[in-house]
Student: 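Dumping the structure here so I can ask a few things about it.
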Amino acid sequence: MDNYITRQEHEEFAKRQDSENERQNRRIQLLEDNVRQINELTVSVKEMAVNMSNMLKELEKQGDRLEALEKEPAETTKQIKQAIITAIVGTVVGAVVTALIMIL
């Protein structure tokens with residue numbers, strides 16, 4: 001009979017086990033919630049990385065378009081200068097040729 005425990009001891013042991021089980025269940029639930037949140041965060045970070053990659057590609061395209069737009073006024077100015085120089089040279093050559101014709 002030394003191996004037997006009383007009903008009161010058994011009930012106290014059962015209460016402690018139930019209490020420990022409840023505590024462990026709460027901890028497991030908190031851990032599961034944390035893992036779920038970490039998984040959601042991981043998915044969000046991956047989506048953000050994809051979006052940033054797409055944004056980088058779009059910014060590179062915009063940079064190329066902006067560079068082309070910035071070069072356009074310089075090209076136009078260069079063409080205007082060439083036209084003016086051509087007109088002046090043409091006028092001077094025409095005047096010289098006219099003067100030579102008049103002299104002869």
Side-chain angles (χ1 to χ4, degrees):
M1 297 239 321
D2 291 338
N3 294 338
Y4 296 111
I5 59 171
T6 65
R7 162 98 44 220
Q8 185 180 7
E9 289 174 324
H10 174 70
E11 288 175 358
E12 181 65 30
F13 176 77
K15 283 181 188 177
R16 287 183 185 173
Q17 287 292 11
D18 289 343
S19 174
E20 180 65 16
N21 286 341
E22 287 176 18
R23 187 182 75 78
Q24 292 292 345
N25 288 341
R26 276 194 310 267
R27 290 183 67 200
I28 289 170
Q29 183 61 47
L30 289 172
L31 285 172
E32 288 174 347
D33 291 344
N34 285 343
V35 167
R36 195 172 304 119
Q37 288 175 352
I38 289 170
N39 285 339
E40 290 172 1
L41 182 62
T42 301
V43 168
S44 295
V45 168
K46 285 181 181 179
E47 288 175 358
M48 188 172 66
V50 168
N51 288 339
M52 289 185 73
S53 175
N54 291 339
M55 252 195 294
L56 177 62
K57 290 175 185 174
E58 184 61 32
L59 282 174
E60 287 173 350
K61 289 178 187 176
Q62 286 180 358
D64 293 342
R65 290 191 299 254
L66 181 62
E67 188 175 324
L69 287 173
E70 287 174 345
K71 287 181 180 178
E72 190 174 312
E75 292 292 325
T76 304
T77 304
K78 185 177 177 183
Q79 289 173 352
I80 291 171
K81 286 180 184 177
Q82 286 177 346
I84 291 171
I85 291 171
T86 302
I88 291 172
V89 169
T91 303
V92 170
V93 168
V96 168
V97 169
T98 304
L100 287 176
I101 291 174
M102 296 282 235
I103 294 176
L104 297 173

Student: Under 4.5 Å between side-chain heavy atoms, chaining through other members, with only Ile, Leu, Val, Met, Phe, Trp and Tyr counted: pull out the rest of the cluster around I80, sorted by chain and number.
Tutor: I84, I88, V92, V96, L100
Student: Mind checking the CD-CD1 spacing from Q82 to I85? Nearest 0.5 Å is all I need.
Tutor: 7.5 Å
Student: Do you know which two heavy atoms are closest between P73 and L69, and how far apart they sit?
Tutor: CD-O, 3.0 Å
Student: CD of Q37 to CD of E40: how many Å apart, nearest 0.5 Å?
Tutor: 7.0 Å
Student: Quick one: CG on L41 to CG on N34, what's the gap to the nearest 0.5 Å?
Tutor: 11.5 Å
Student: With no hydrogens and no angle check, is any side-chain donor or acceptor of S19 less than 3.5 Å from a backbone partner on K15?
Tutor: no
Student: Should we say atom CD of E32 is surrounded by more than 12 heavy atoms from elsewhere, each under 6.0 Å from it?
Tutor: yes
Student: Side-chain contact test, heavy atoms from C-beta onward, threshold under 4.5 Å: evaluate it for K46 versus T42 and give yes or no.
Tutor: yes
Student: Under a 4.0 Å threshold between the charged nitrogen and the carboxylate oxygen, would E20 count as salt-bridged to R23?
Tutor: yes
Student: If you measure from the Lys or Arg side-chain nitrogens to the Asp or Glu carboxylate oxygens, is any gap between E67 and K71 under 4.0 Å?
Tutor: yes
Student: Going by the salt bridge (charged side-chain N to carboxylate O under 4.0 Å, His left out) test, name the single residue among E70, E58, E72 that passes it with R65.
Tutor: E58
Student: Quick one: are N39 and V43 in side-chain contact, heavy atoms under 4.5 Å?
Tutor: no
Student: Is R36 salt-bridged to D33, cutoff N-O under 4.0 Å?
Tutor: yes
Student: Evaluate whether atom CZ of R27 has more than 12 neighbouring non-hydrogen atoms of other residues, nucleotides or ligands under 6.0 angstrom away.
Tutor: no
Student: With hydrophobic residues grouped by side-chain heavy-atom distances under 4.5 Å, do I101 and V93 end up in a single group?
Tutor: yes
Student: Once you round to the nearest 0.5 Å, how far does CD of E11 lie from CG of D18?
Tutor: 11.5 Å
Student: Would you tell me whether Q79 and E75 have side-chain atoms, one donor and one acceptor, within less than 3.5 Å of each other?
Tutor: no
Student: If you look at every heavy atom in I5 and E9, which pair is closest and at what distance?
Tutor: CB-OE1, 3.3 Å
Student: How about Q62 and L59: do any of their side-chain heavy atoms sit closer than 4.5 Å?
Tutor: yes
Student: Would Q29 and N25 count as a side chain to side chain contact (heavy atoms under 4.5 Å, CB included) if you check the C-alpha gap in whole Å, the side-chain angles of each, and the deciding distance to 0.1 Å?
Tutor: CA-CA 6 Å; Q29 183 61 47; N25 288 341; over 6 Å; no
